[in-house]
Each structure stands twice: as structure tokens, then as C-alpha cells.
Protein chains: 2
Amino acid sequence: MDAAEPTEGAAWDEVTPDAARRLLIAAVEAFAEQGYHATTTRDIAGRAGMSPAALYIHYKTKEELLHRISRLGHEKAVRILQAAADAEGSAAERLARAVRSFVVWHAEHHTTARVVQYELDALGPEHRAEVVDLRRQCDAAVRRILLDGVRDGEFDVPDVPGTTLAVMSLCIDVARWFNAAGRRTPDEVGVLYADLVNRMVRSGA
Amino acid sequence: MDAAEPTEGAAWDEVTPDAARRLLIAAVEAFAEQGYHATTTRDIAGRAGMSPAALYIHYKTKEELLHRISRLGHEKAVRILQAAADAEGSAAERLARAVRSFVVWHAEHHTTARVVQYELDALGPEHRAEVVDLRRQCDAAVRRILLDGVRDGEFDVPDVPGTTLAVMSLCIDVARWFNAAGRRTPDEVGVLYADLVNRMVRSGA
DNA sequence: CCCATCGCTGAGCAAGCGCTTAGGGAGCGC
DNA sequence: GCGCTCCCTAAGCGCTTGCTCAGCGATGGG
């Protein structure tokens, strides 16, 4: 389907210089494993092979690290969903693409996704507001597909906002339970979930 | 202050003495708002109107508080799902009841549910193992309903374990996004979700 | 009226936290 | 060689954390 998903390392290409990227990747792993509040700056620096003080050359605070991770992750999510919503094809095809690529991203980058989706409350007020706005754009993209499908008679969806919520919720929760060592590949989960969501909205019964 | 949630107080009836219950309810609120690691023992004791030291008369450690909350919550979840699985009626009726009551519980007690579902990793190894076992019982109850429905030709479910996972995931994530001040009541969400899940598994299209 | 018991508090300890500061060493133009 | 810049470290500051402990006031049996 769409262009190959970048790998874990390549996803942070835009973060420079090298030391800042290494710290950020270390922070993602630590936050995903233990949560933001349980992670110490010493732990992050240690994973990146640096002394505790090195962190503060590249980031003002620990919270700024989380903010950078959260913003980059949400921007990626918005891009994935808007690409699907803007694509050619029937509403069913666009919805399937949206769910599949969104789920694959959550499964493949489940460490990043876990931080992005579950550490939102650890952000400061203005940083959180910025990220909440990006989430609204995610919702809007999915809702647009559903509304198109209802308008064209493709879908039977009595409660569009509620179903949008449920679809997003289903995809996001993948980050919580997905385990790379488990028996399902990200793509298998994506295909399964696209089918389940299609069943939720298809008309006729 | 919690008059809006009539069952909230009654849910912790079994916790005695009174001071221990007040501390536990304070801990649920604090953990749900800020997360386990961001909550201090001083905060919990303060919410219960006590000094920091009072906590350690009733609980050995902060982790024991989380364990008690998590265990009681999971036991309730198991009871809800097994009651639905064991009920009379068609598989569709039992599935609808399971989803509806499970979702209503997550919405009504979303503070408790948030702690129960998202602070699992903060438990010590042996306490976590105990709780993970209870979660397997939850999964098993839902899977049993799906298998019955497939056997009787009521459901069309190509991937029973995967669909079980998705149904549980959908219900659990309610605890993350549900807001008591929002425009949906717990019962409305329960009815909506029961319908969406029914559409996932119904045969014919 | 006394004193043991229970539930609790005030004060504080050792450890660990986020973050700062002074300074070292490699690479560069001149 | 010299000085300048850029990354980085060792040491540590001020503060908060989970948890402890000696002791206090209220209660109730004798």
C-alpha cells in the first residue's frame, strides 16, 4: 500500500545532533518501560552512554524530552490518518487503510506509541494543550471518512461521534497490549482490526 | 463530594477499619489523577485527613495499597464477566450483557478502573503475577461466549482469540477516555459499545 | 481513679531526585 | 603554538521521597 514505514531508528532522523537523538531514543525506551515519573534523568543519560549532566546540554528539562517525543509522535499519527482520509477510493477502502496503517504504526512502534498515548498527563499545561489539538485532528480525519461513508450510503453508522471514538480507542489501545515477542505481527493485527472495524460500520445485516 | 457516584463508597465496603478504607479511597483518587509514581504518601494521607505516618499503621508500603486496589478491582471485573458468560440466553444476549456491564463499570468507576488497568506495571513481581492471572480469567469468560456463538452458528468470527482481545481492549480503554463531566452517561456508552461489538461478530452481511 | 491499649502525630532519617556549575580535552582557524 | 568553541564530565546543591519511631490523648475495663 503506502510507502514503507521507516524503522525505529530512522523515525527520529530529524532529531539532531547525534547526541540529542541518542538521548531521545533512550528516553523513549525508559518512559515506555517504566513510565515518565518512574524514570530518572540518570537512567536516560546512562542508557545513552553519557553522564547525567549531558542531558541538560541538549534539553532544558526532563519534561522537554517528553514534549519532543509526544509532539513528533502525534505529528506522525496525524500524517498517517490524514493521508488515509485524503486518499482515493471508497469510504470503506479509506477506512480500512486508516485503521490498518494506524494500528501497524502503534504495533511496530509500540514503545513510542505507549509514551505518546499514555504519558500525556505528565506534560505541562501549554505543551499538553498543543498535543491535545493534534489529537483532535486525528479524530477529525477518521470522522470525516465515516461521514463520507454514511452520506454515500456505504455505511450504516447510527452514532458517528461515538463510533469515531470507539475506532480511535481500539487502535490506540494496541500500544498497551502489543508485545513484539507475541505471536502476532503488526501487519496481522492491522488486517484483523481493519476487518473488525469494517464490520462495525458496514450496512446491511 | 462523591455523591454523584452512589456505588463508589459501597464498592469498598469490605475494607475495614474505617481509616484504612478512607486511605484506600484517597489513594484511588490520587493514583487515578496523577499515576502511582507521581503520587506521594503525603498526598494520600493528606486527602484522607491524616498525617503521613498514619498510612503505615494500616498498610506496610505504598505498593501494598496499589495491590489491594488492583486485586479488588480485578476480582470485580472477573465477577462481572463470568456472570454474563454463565447467564441464560443466546450467545448474542450474553455477549451484549458482558460488554454492557463491563463498559458501565469502567465508565462509572473510571478512577478505580484507570488504576486497575494502567498501573499494573507498578506492582511488584509476585503481586503482578496474581493480578495477571485474574486478567486471564476475564479473557476466558469473553472467549467462551464467542466460542459458544460460533458453535451455534450465531456468530461469524474468523479469529476468536483476536476478536476476544479486541473486545476486551475496546472495553478497557473506556477507563482512559471516559470523563464524568462529558456528555455521555455510562449507560449510553454501554449500549453503544454492545451494539458495536454485536456488529463485529454477527453473521451475514 | 488508674493504667493499658489503640489510633494517631511531629519530627526526622537515609536515599534519591532534577538540575547546576566549574572545568577538562578534542578539534579548528590563524 | 595559541586561543576559541563545542561537548562532555565530576562533583554536588537543595529538596523531596518512602518510611520510622518515640510519644501523646482518648477510651474503656477494673
Side-chain angles (χ1 to χ4, degrees), chain A residues 12-70 115 119-128, chain B residues 12-70 115 119-128:
Chain A
W12 303 113
D13 265 0
E14 50 194 304
V15 180
T16 54
D18 184 69
R21 181 173 49 249
R22 268 159 50 218
L23 283 165
L24 193 126
I25 292 171
V28 167
E29 287 172 9
F31 291 162
E33 279 175 29
Q34 310 159 330
Y36 174 80
H37 288 293
T39 299
T40 68
T41 54
R42 285 166 176 81
D43 182 17
I44 297 169
R47 284 171 191 249
M50 297 176 186
S51 79
L55 196 152
Y56 293 91
I57 293 160
H58 301 283
Y59 302 95
K60 268 212 312 262
T61 63
K62 181 175 138 182
E63 196 262 355
E64 190 192 320
L65 257 172
L66 177 62
H67 171 55
R68 282 271 228 284
I69 294 166
S70 198
V115 178
E119 301 293 347
L120 207 132
D121 289 341
L123 287 169
E126 69 291 346
H127 286 165
R128 178 162 60 244
Chain B
W12 303 114
D13 265 1
E14 48 194 303
V15 180
T16 55
D18 184 69
R21 182 171 49 248
R22 269 159 48 219
L23 283 165
L24 193 127
I25 292 171
V28 168
E29 288 172 9
F31 291 163
E33 280 175 29
Q34 310 159 331
Y36 174 80
H37 288 293
T39 300
T40 67
T41 53
R42 284 165 176 80
D43 182 19
I44 297 169
R47 284 172 191 249
M50 298 176 185
S51 81
L55 196 151
Y56 294 91
I57 293 159
H58 301 282
Y59 302 94
K60 267 210 317 257
T61 63
K62 181 175 139 184
E63 195 261 358
E64 190 191 321
L65 257 173
L66 178 62
H67 172 55
R68 282 271 229 284
I69 294 166
S70 198
V115 178
E119 303 291 348
L120 206 133
D121 289 342
L123 287 169
E126 68 292 345
H127 286 164
R128 178 163 58 244

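First the proteins, then the strands, lettered A, B, ... as listed; each starts at 1. Quick note: numbers below take in every heavy atom, side chains included, and nothing from hydrogens, waters or symmetry partners.
- Separation of atoms CD1 (I44(B)) and CZ (R22(B)) is listed at 14.0 Å; rounding is to 0.5 Å.
- Across every non-hydrogen atom of Y56(A) and T61(A), the tightest pair is CE2-CA, 4.2 Å.
- Nearest-nucleotide positions on DNA chain C place A19(B) closer to the 5' end than the other of A19(B) and R42(B).
- Taken to the nearest 0.5 Å, the CZ atom of R21(B) stands 11.0 Å off from the CG atom of L23(B).
- Within residues 30-41 of chain A, no residue has a heavy atom under 4.0 Å from DNA chain D.
- Here the side chain of K62(B) pairs a donor or acceptor atom with the backbone of Y36(B) at under 3.5 angstrom.
- Between atom CG of residue L123(B) and atom CD of residue E63(B) there is a gap of 5.5 Å, rounded to the nearest 0.5 Å.
- Panel note: side chain T39(B), backbone Q34(B); no donor-acceptor pair is recorded below 3.5 Å.
- Remark: the backbone N or O of P52(B) is not paired with any side-chain donor or acceptor of R42(B) at under 3.5 angstrom.
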With 3.5 Å as the limit, what N/O pairs link the protein to nucleotides 22-28 of chain D?
none

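- Put simply, the residue from L55(A), V28(A), T41(A) that forms a side-chain contact (heavy atoms from CB on, under 4.5 Å) with L65(A) is L55(A).
- No donor-acceptor distance shorter than 3.5 angstrom exists from the side chain of Y59(A) to the backbone of R68(A), with no hydrogens or angles considered.
- A salt bridge links E33(B) to R47(B): at least one charged side-chain nitrogen sits closer than 4.0 Å to a carboxylate oxygen.
- Looking at residues 50-66 of chain B, you'll see A53(B), Y56(B), T61(B), K62(B) sit with a heavy atom under 4.0 Å from some atom of DNA chain D.
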